[in-house]
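Worksheet: one structure, shown below.
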There are 2 protein chains.
Amino acid sequence: MGLSKTEEFTKTQNELAALAKALGHPARIAIVQYLIKTRVCVCGDIVDELPLSQSTVSQHLKELKKVGLIKGNIEGPSVCYCIDEKVWNRAKKMIGELFEAYQTQNCC
Amino acid sequence: MGLSKTEEFTKTQNELAALAKALGHPARIAIVQYLIKTRVCVCGDIVDELPLSQSTVSQHLKELKKVGLIKGNIEGPSVCYCIDEKVWNRAKKMIGELFEAYQTQNCC
DNA sequence: CTACTATATCGTAAAATTACGATGAATGTT
DNA sequence: AACATTCATCGTAATTTTACGATATAGTAG
């Protein structure tokens, strides 16, 4: 079916999954790494940096914007993208908590 | 195409993306949360816990096993799943570093 | 050995993802 | 006004994902 039954899971589970999913592609990892590294963040620079076409990069940017991890401000003819601090920190906290929750347990 | 051009990205980018992708579904978040919470970890219990069919749960377990986040040990007729500490900690470190790398920057 | 239980795998269908070129919209330049 | 630049969106194709029922496999019990 290809459709996840999101209604059946908790809000937290869905939010965590959405954030992880947004980062679940090497191009999108590359984009956030690039945005973190460079202070400047014009869309065209990202396109130059990635081995993908302009339209594909635009699509990946849209995915990241959808979950709020990045935001874009129009600056004349171009668009300045950057990490959205609030959402980034929220994701950091949520994902961090998920990983912290695990304590070594000698299971099977 | 639906095929990511993994060859074009760094090993780290691909590994991070694969880990994030594995966690990019609410059912798989629910599975790891459940494995963390309960000391016991029989597959059937996970199926009972989730609003999905046995075969679908098995598929999700396979995805998590593929990236190594969990491992399954055969115990008689059933299978005991649990977090793989090594991979879990590696993922925690890698994802943690990605999030730590960002420092507040007054961009656009 | 037969029957039962637990899990994986197969087959399949619907939907989503990834990717690209082409087109469109908005802004800036000449 | 005409044109170039920047980016988003549309149309489209291949592939992957999600999901389920049915079937296969392996172990346990009787």
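Excluded from the calculations below are hydrogen atoms, water molecules and symmetry mates; all remaining heavy atoms, backbone and side chain alike, are included. What you see is a predicted model, and the numbers here were worked out from it, not measured in a lab. Numbers restart at 1 for each chain; the letters A, B, ... are given by sequence-line order, proteins then strands.
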Discussion item. Strictly by salt bridge (charged side-chain N to carboxylate O under 4.0 Å, His left out), give each pair with a member in residues 16-32 of chain B just once, sequence neighbours left out.
Written reply: none
Worksheet item: Any side-chain heavy atom of A/Phe9 within less than 4.5 Å of one from B/Ile29?
Response: no
Discussion item. Please check: side-chain N/O of B/Asn14 versus main-chain N/O of B/Thr6, any donor-acceptor pairing under 3.5 Å?
Written reply: yes
Fill in: Atom pair distance, as rounded to whole Å: CZ in B/Phe9 and C1' in C/dA19
11 Å
Worksheet, complete the sentence: Residues pairing under salt bridge (charged side-chain N to carboxylate O under 4.0 Å, His left out) where one sits in residues 10-19 of chain B, two or more places apart or in two chains, turn out to be B/Glu15-B/Arg90
Worksheet item: Mapping B/Gly44 and A/Glu63 to their closest nucleotides on DNA chain C, which lands nearer the 5' end?
Response: B/Gly44
Fill in: Interatomic distance, B/Leu50 CG vs D/dA19 C1' [rounded to whole Å]
13 Å
Worksheet item: Looking only at side-chain N and O atoms, does B/His60 come under 4.0 Å of OP1 or OP2 in D/dA19?
Response: yes
Item to complete: Check B/Val67 against B/Ala22 and note the closest heavy-atom contact, atom names and distance.
Response: CG2-CB, 3.5 Å
Practice prompt. Determine which pairs satisfy salt bridge (charged side-chain N to carboxylate O under 4.0 Å, His left out) with at least one residue from residues 50-63 of chain B, sequence neighbours left out, and list them in order.
Written response: B/Glu63-B/Lys66
Practice prompt. Please check the phosphate of D/dT6 (OP1 and OP2 only) for any side-chain N or O of A/Ser78 closer than 4.0 Å.
Written response: no
Fill in: A/Ile74 CD1 - C/dT27 P separation (whole Å)
7 Å
Worksheet item: Which of residues 10-33 of chain A have a heavy atom under 4.0 Å from DNA chain C?
Response: A/Lys21, A/His25, A/Arg28
Worksheet, complete the sentence: Between B/Leu16 and A/Gln33 the two heavy atoms that sit nearest each other are CD1-NE2, 4.1 Å
Item to complete: Compare all side-chain heavy atoms of B/Ile31 with those of B/Leu61 and state whether any distance is below 4.5 angstrom.
Response: yes
Worksheet item: Looking across every strand, which nucleic acid part, if any, lies under 4.0 Å from A/Leu52 by heavy atom: base, sugar-phosphate, or nothing?
Response: sugar-phosphate
Worksheet item: Can you pull the ring pair (Phe, Tyr, Trp, His ring centres under 6.0 Å) pairs that have at least one residue in residues 12-62 of chain A, sequence neighbours excluded?
Response: A/His25-A/His60
Discussion item. What's the closest nucleotide to the side chain of B/Val42 if the choices are C/dT7, D/dC20, D/dT28?
Written reply: C/dT7
Please produce a list of atom pairs where a protein N or O lies less than 3.5 Å from an N or O of nucleotides 8-10 of chain D.
from: D/dA8; atom 1: OP1; to: A/Tyr81; atom 2: OH; distance (Å): 2.1
from: D/dA8; atom 1: OP2; to: A/Ser58; atom 2: OG; distance (Å): 2.7
from: D/dA8; atom 1: N7; to: A/Gln54; atom 2: NE2; distance (Å): 2.9
from: D/dA8; atom 1: N6; to: A/Gln54; atom 2: OE1; distance (Å): 3.1

Item to complete: Please state how far atom NZ in B/Lys66 lies from atom C1' in C/dA8, giving the value in whole angstrom units.
Response: 16 Å
